[in-house]
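What follows is a structure written as structure tokens; I'll ask about it next.
Keep in mind that the numbers below use all heavy atoms, side chains included, and drop hydrogens, waters and symmetry copies. Given the structure is predicted, the values throughout are model-derived calculations rather than measurements.
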Amino acid sequence: MNWLINLFTTTDSVAHIALLYSIVIALGVYLGKIKIGGISLGVTFVLFAGIVAGHIGFTAPTNILGFIQDFGLILFVFCIGLQVGPGFFESFRKGGITLNCLATAMILLNIGVMFGCYYLFFDTSNHNNLPMMVGTLYGAVTNTPGLGAANEALNSVFPKGDIPQIASGYACAYPLGVRGMIGATIAIKYICRIRLDKEEEQLNEEEEENPHAKPHQMHLQVTNSYLSGRTLLQVRDFLNRDFVCSRILHEGHVSIPTKDTVFQIGDQIFVTCAEADAEAIIAFIGPQIQVAWEQQDQPMVSKRILITRPSVNGKTLGQMHFSSVYGVNVTRITRQGMDLFASRNLAMQVGDRLMVVGQEDAVNHAADAMGNSIKRLETPNIATIFIGIIIGILFGSIPIIIPGMPTPLKLGIAGGPLIIAILIGRYGYKVHLVTYTTTSANMMLREIGLVLFLASVGIKAGAGFWETVVQGDGIKYVYTGFLITVIPILIIGVIARMKYKFNYFTIMGLIAGTCTDPPALAYANGTCSKEAPAVSYSTVYPLSMFLRILTAQLIILFCCGA
């Protein structure tokens, strides 16, 4: 039995460390699925499992814990950056600016309430109290990446061995933070006298996709005498509207038009355009008609083609010359579940699905050129991930000297990789970096990084956690965390409703996205049959995640110190 005892007591062996992390992570994940009042803590319970392990002395060498913690954090925030990158800048368009401004105001209010609680309830002469309140802040808003960023920044301002275990404050505030978030959201409904059935009716009336992005298909008959003898390219340039003509019936035969196809009076065409442009195109070309095309030169087929060839990544539809080179037309593009109009200036990305119309052999030729290989798409682009991490670490290590600060400002291993991942996710195709990963692959890498980070933080904090909760300020962290959670939500929620007249379900998504809290989003989705909560959640999530991580480091670097 000595071998079994040694396995659990020899802390510096590889087998012991692997066993430690496996037990903590497995136990935490399974316990995190238990629901109390319909709410579970999810993967964050790994932190509590780590705290228990650390408290009973089931631990590992500090340097090993530190390495796994930091590596897990890098992997976690980088995958988050890749996920939010494509939508980060687009989130500021049409309606997104107001929502993101409200999200930013809520983040600042969270920080303001934290400082208010710090000065009201804590001894400001103790240099450990403010960092512990930062941990409480991120537990209150259930933002684990912010905890990681703050933890990493503490290494710059505190001597080794004297770093406050802010995970204790995080753990104290987190459970009530999840429930306080949902409770405050419900309170807004009563404060503003909101009726859910009326909110649903409003969504039904207003629900309409963006007419500039939604594809619209129609059959038209050419009746404008000006168009007789004009080519498709001339008509499109004169009209100054982007549209795709994928079929034309001329003198009883159906064919695929090219930019040089000449229109004649009486021709019947099949057009795909942005919904907002449909009326203008009809007025210029001719009326909509019902067709029964039976006679064709060759059979036409419609097929979805998956872009998997890296060389296509970032090229616009116009650059590919589908009609002239391949003899097919692209009518629309599906990206992340959304149908987009196939504008000539739209840059294609690996993972896009093109709806292509043409003769079968031509469509197959275009499919070969685009890749159209699901197997290739399912292979993660590991090189891009680690190239991004290299650049992110270098970027995060650049010292920024600010007058009055005791140490130079650095974005660190949390902020640096996050910013680079966002930029690569959005603009990587311009430098021929294929950033596409399947949702499952991204989630797997992200969750592995998260559980490694949480387990390490919990094990390190476990030794002093009981003293913090029972003999220290644990109770203060609980109720101050509750105030940090609830007060900003009530203020911003009421403003969003009373001043900006946002739908209640949109406000629910705004709150969940600002706190980057999936349980709150799940609750919002459960109360609404529409996509309004998810839309507002995804609108504010990228900026909120970025600000949560950045402000964590700024608070530590500017306000904390030994």
Heavy-atom donor-acceptor pair, Tyr138 side chain to Tyr174 backbone, under 3.5 Å: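 Pair absent, no side-chain N/O of Tyr138 close to backbone of Tyr174.
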
Once you round to the nearest 0.5 Å, how far does CG of Leu73 lie from CD1 of Ile549?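 Leu73 atom CG to Ile549 atom CD1 measures 7.5 Å (nearest 0.5 Å).
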
More than 12 heavy atoms of other groups within 6.0 Å of Phe284 CZ: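 Yes.
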
Excluding sequence neighbours, so at least two apart, what forms side chain to side chain donor-acceptor pair (under 3.5 Å) with Tyr504?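 Expected list: none.
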
Work out which heavy atom in Val540 is nearest to a heavy atom in Leu99; give both atom names and the distance.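 Minimum heavy-atom separation between Val540 and Leu99: CG1-O, 3.6 Å.
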
Please list, chain by chain and in numerical order, all residues satisfying side chain to side chain donor-acceptor pair (under 3.5 Å) with Gln69, sequence neighbours excluded.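 Partners of Gln69 under the side chain to side chain donor-acceptor pair (under 3.5 Å) test: Lys460.
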
With Ala496 via side chain to side chain contact (heavy atoms under 4.5 Å, CB included) - residues at least two apart: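 Side chain to side chain contact (heavy atoms under 4.5 Å, CB included) check on Ala496 returns Leu102, Phe502, Ile507, Leu510.
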
With a 4.5 Å cut-off on side-chain heavy atoms, are Pro417 and Ile391 touching?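 No. Closest side-chain heavy atoms not under 4.5 Å.
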
Would you mind reporting whether Ile248 and Val254 have side-chain heavy atoms less than 4.5 Å apart?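 The answer is no, as the side chains (C-beta and beyond) never meet within the 4.5 Å cut-off.
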
Does NZ or CZ of Arg230 lie under 6.0 Å from the centre of the six-membered ring of Tyr226, at an angle within 45° of the ring axis?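 Satisfied, under 6.0 Å and within 45°.
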
To the nearest 0.5 Å, tell me how far Arg247 CZ sits from His219 NE2.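 Reported to 0.5 Å precision, the distance equals 7.0 Å.
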
To the closest 0.5 Å, what do you measure between CZ (Phe453) and CD1 (Ile68)?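 Between atom CZ of Phe453 and atom CD1 of Ile68 there are 13.0 Å.
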
What distance do Ile419 atom CD1 and Leu423 atom CG have between them, rounded to the nearest 0.5 Å?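 It is 7.5 Å, given to the nearest 0.5 Å.
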
Give, for atom CE of Met106 and atom SG of Cys515, the distance between the pair rounded to the nearest 0.5 Å.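 The distance works out to 6.0 Å.
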
Approximate separation, where rounding is to 0.5 Å, of Arg446 CZ and Ile448 CD1: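 Answer rounded to 0.5 Å: 12.5 Å.
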
Could you check if a side-chain atom of Ile511 sits within less than 4.5 angstrom of a side-chain atom of Met181, using non-hydrogen atoms only?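 Yes; the side chains approach each other to less than 4.5 Å.
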
